[in-house]
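This report refers to the structure that appears directly beneath it.
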Amino acid sequence: MRVEYINPFVETSYRVLKEVLGDSEVKRGDLYLKSTAMPVMGVAALVGLAGDVEGRVLFDMTFETALNIASKMNNEKLITAQAVTKLHELGFKFDLTPPALFAGEKMEIAALAGQSENVEALIVPLITDYGKIEVNVAIRERA
């Protein structure tokens, strides 16, 4: 996976969290890879991409983190929309699926249709005083 696919989501997520959480420090954790068929922490927002690049971006957090951040927010911020704008500015053409929000215990997000079961996602943890959010990116250039 090319870093130019990941950076817009990570940079925008970081910037929006700093803006929304104002009084909280936001730290970027160590990157790591995960299978795309993996359990989520409790609350996951998923957006699919199809076109020149295809795949999905998942914002994953615990219930506690989601509630902490939601209680701090006073207006809606569109992390994915800002990152997508950056990818469009780089010349990539693609469509997005409507965001889907999942919440539950012991949930698992499986590989997208048409993708290998062995596809890996790059995970970038963002740690705040309100909890940790994992920006989970599995995007590839369409063959």
Side-chain angles (χ1 to χ4, degrees), residues 1-70 72-73 76-143:
M1 185 177 347
R2 291 168 42 183
V3 74
E4 64 200 42
Y5 301 151
I6 300 155
N7 278 342
F9 293 100
V10 175
E11 291 169 4
T12 304
S13 299
Y14 179 89
R15 189 176 66 249
V16 169
L17 282 172
K18 286 291 288 179
E19 182 179 328
V20 168
L21 302 178
D23 61 344
S24 175
E25 185 175 356
V26 179
K27 296 179 185 174
R28 186 171 159 171
D30 293 333
L31 307 173
Y32 65 96
L33 292 174
K34 229 184 205 183
S35 163
T36 54
M38 75 296 185
V40 295
M41 292 188 276
V43 176
L46 180 130
V47 176
L49 295 91
D52 291 350
V53 291
E54 60 185 6
R56 58 107 184 108
V57 178
L58 181 77
F59 299 95
D60 188 13
M61 66 198 82
T62 65
F63 283 107
E64 182 180 3
T65 298
L67 290 173
N68 288 341
I69 291 173
K72 177 67 178 166
M73 295 175 73
E76 185 178 4
K77 295 293 176 183
L78 302 173
I79 292 173
T80 304
Q82 292 180 23
V84 164
T85 298
K86 286 188 175 202
L87 287 174
H88 276 290
E89 289 170 357
L90 291 172
F92 293 104
K93 307 263 186 268
F94 53 88
D95 294 317
L96 298 175
T97 63
L101 183 65
F102 300 91
E105 294 181 26
K106 299 181 182 177
M107 290 188 309
E108 188 173 285
I109 304 293
L112 295 172
Q115 288 186 344
S116 160
E117 299 261 341
N118 298 325
V119 173
E120 289 186 317
L122 184 64
I123 312 300
V124 182
L126 297 175
I127 298 101
T128 74
D129 295 337
Y130 296 87
K132 176 176 74 169
I133 297 174
E134 289 188 348
V135 182
N136 178 318
V137 183
I139 298 175
R140 66 181 179 189
E141 205 162 335
R142 182 174 236 156

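All figures in this text were calculated on a predicted structure; none of them were measured in a lab.
Looking at I6 and I139, their side chains never come closer than 4.5 Å, going by heavy atoms from C-beta outward. Within the 4.5 Å cutoff, the side chain of V40 has no heavy atoms near those of the N136 side chain. Looking only at side-chain heavy atoms (C-beta outward), D129 and L21 stay at 4.5 Å or farther from each other.
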Between R28 and L126, is a side chain to side chain contact (heavy atoms under 4.5 Å, CB included) present by the stated rule, with each step listed?
CA-CA 5 Å; R28 186 171 159 171; L126 297 175; 4.3 Å; yes
Go through the steps for V26 and Y130 under the test side chain to side chain contact (heavy atoms under 4.5 Å, CB included), then give the verdict.
CA-CA 10 Å; V26 179; Y130 296 87; over 6 Å; no
Between V57 and L49, does a side chain to side chain contact (heavy atoms under 4.5 Å, CB included) hold up when you go through it step by step?
CA-CA 8 Å; V57 178; L49 295 91; 4.0 Å; yes
Run the side chain to side chain contact (heavy atoms under 4.5 Å, CB included) test on N68 and T128 for me, step by step, so that the C-alpha distance in whole Å, both residues' side-chain angles and the decisive distance to 0.1 Å come before the verdict.
CA-CA 10 Å; N68 288 341; T128 74; over 6 Å; no
Atom pairs and distances, side-chain donor-acceptor, residues 58-66, under 3.5 Å, sequence neighbours left out:
residue: D60; atom: OD1; partner: M41; partner atom: N; Å: 2.9
residue: D60; atom: OD2; partner: M41; partner atom: N; Å: 3.4
residue: T62; atom: OG1; partner: T65; partner atom: N; Å: 3.1
residue: T62; atom: OG1; partner: T65; partner atom: OG1; Å: 3.0

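Within a 6.0 Å sphere centred on CG of D30, heavy atoms belonging to other residues, nucleotides or ligands number 12 at most. For K27, the NZ atom is loosely surrounded, since the number of other residues' heavy atoms within 6.0 Å does not exceed 12.
For R142, the salt bridge (Lys or Arg N to Asp or Glu O under 4.0 Å) partners are E54, not counting sequence neighbours. For F92, the ring-ring contact (aromatic ring centres under 6.0 Å, His included) partners are Y5, not counting sequence neighbours.
The distance from atom CG of L33 to atom CD1 of I123, rounded to the nearest 0.5 Å, is 8.0 Å. To the nearest 0.5 Å, the span separating CD1 on I127 from CD on E134 amounts to 9.0 Å. We find the CG-CG distance between L87 and D52 to be 10.5 Å, quoted to the nearest 0.5 Å.
The shortest heavy-atom contact between M107 and G42 is CE-O, 3.8 Å. Closest approach of R56 to A121, counting heavy atoms only: NH2-CB, 3.7 Å.
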